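Small disclaimer: the values here were computed from a predicted structure and weren't measured.
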Amino acid sequence: PQNTYSIDNLTPEDIKVAYTILPEHIFWERPARSFTDTCFVFANTTTQLPLNKYGFYVSECPSRLFERIVILSADNDTLKLLFPIDDTLWQDSISVSDYGYIVRNHNWLYEFTE
């Protein structure tokens, strides 16, 4: 399974999302250290966090993948800090693929409304 993690920006302003991956998912660096990246989420859009470009194909709930998520304004002001990560704040939908065997992919969505 390959989970996806998306941010739904329900505000009229563009935001930046900085996320830190827990060290146990960093396979290319030993000793493993946490990894941080950012992405933009435009106003009134949903954006999938670009984890696959780094090879993060994990079948984990958000709290088992992310150390922290920080939602920033375009001016880098902190709007929201998700730490620790609370899985109940994310909507989980499941897509099923049949390859002769069943694979259930989880699609996690966090709605930002502030």
Q: I want to check something: taking the side chain as every heavy atom from C-beta on, are Leu22 and Arg64 in contact at a cut-off of under 4.5 Å?
A: no

Q: Side-chain heavy atoms nearer than 4.5 Å, only ILVMFWY residues, links allowed to pass through others: does that put Leu89 and Leu81 together?
A: no

Q: Grouping I, L, V, M, F, W and Y whenever their side-chain heavy atoms are under 4.5 Å apart, do Leu82 and Phe112 come out in a common cluster?
A: yes

Q: Thr20 and Thr36: side-chain donor and acceptor closer than 3.5 Å?
A: yes

Q: Considering only heavy atoms from C-beta outward, does the side chain of Phe83 approach that of Val70 to under 4.5 Å?
A: no

Q: Rounded to the nearest 0.5 Å, what separation is found between the CD1 atom of Ile7 and the CG atom of Leu109?
A: 7.5 Å

Q: Any side-chain heavy-atom pair from Phe42 and Ile15 closer than 4.5 angstrom?
A: no

Q: Of all the heavy-atom pairs spanning Thr38 and Ala18, show the shortest one and how long it is.
A: CG2-CB, 3.6 Å

Q: Are Leu79 and Phe66 grouped together when hydrophobic residues (ILVMFWY) are joined by side-chain heavy atoms under 4.5 angstrom apart?
A: yes

Q: Can you measure from CG (Leu51) to CD1 (Ile21) and round to the nearest 0.5 angstrom?
A: 5.0 Å

Q: Give the minimum heavy-atom separation between Asn107 and Ile94, together with the two atoms involved.
A: ND2-C, 4.3 Å

Q: Test Tyr19 against Asp37 for side-chain contact (heavy atoms from CB on, under 4.5 Å), laying out the working first.
A: CA-CA 6 Å; Tyr19 52 91; Asp37 197 13; 3.3 Å; yes

Q: To the closest 0.5 Å, what do you measure between OG (Ser6) and CH2 (Trp108)?
A: 12.5 Å

Q: Please name the pair of heavy atoms, one in Leu10 and one in Glu111, separated by the smallest distance, quoted to 0.1 Å.
A: CD1-CB, 4.0 Å

Q: Do the side chains of Asp14 and Val41 get nearer than 4.5 Å, heavy atoms only?
A: no

Q: Let me confirm one number: the OG-CD distance from Ser73 to Glu13, rounded to the nearest 0.5 Å.
A: 9.0 Å

Q: Check whether the side chains of Asp92 and His106 place a donor and an acceptor atom closer than 3.5 Å, and report yes or no.
A: yes

Q: From Ser95 OG over to Asn105 CG, what is the distance, rounded to the nearest 0.5 angstrom?
A: 4.0 Å

Q: Atom CD in Gln48, atom OG1 in Thr4: separation rounded to 0.5 Å?
A: 4.5 Å

Q: Quick one: does Asp75's side chain have a donor or acceptor within less than 3.5 Å of a partner on Asp77's backbone?
A: no

Q: Count I, L, V, M, F, W, Y as connected when their side-chain heavy atoms are under 4.5 Å apart, and connections chain through other members. Are Tyr5 and Phe35 then in the same cluster?
A: yes

Q: Quick one: do Phe40 and Val17 satisfy side-chain contact (heavy atoms from CB on, under 4.5 Å)? Show the steps, please.
A: CA-CA 6 Å; Phe40 283 94; Val17 177; over 6 Å; no

Q: If hydrophobic clusters are built from ILVMFWY residues whose side chains come within less than 4.5 Å, do Ile69 and Leu72 share one?
A: no

Q: Would you say the side-chain atoms of Thr45 and Asn9 include a donor-acceptor pair closer than 3.5 Å?
A: no

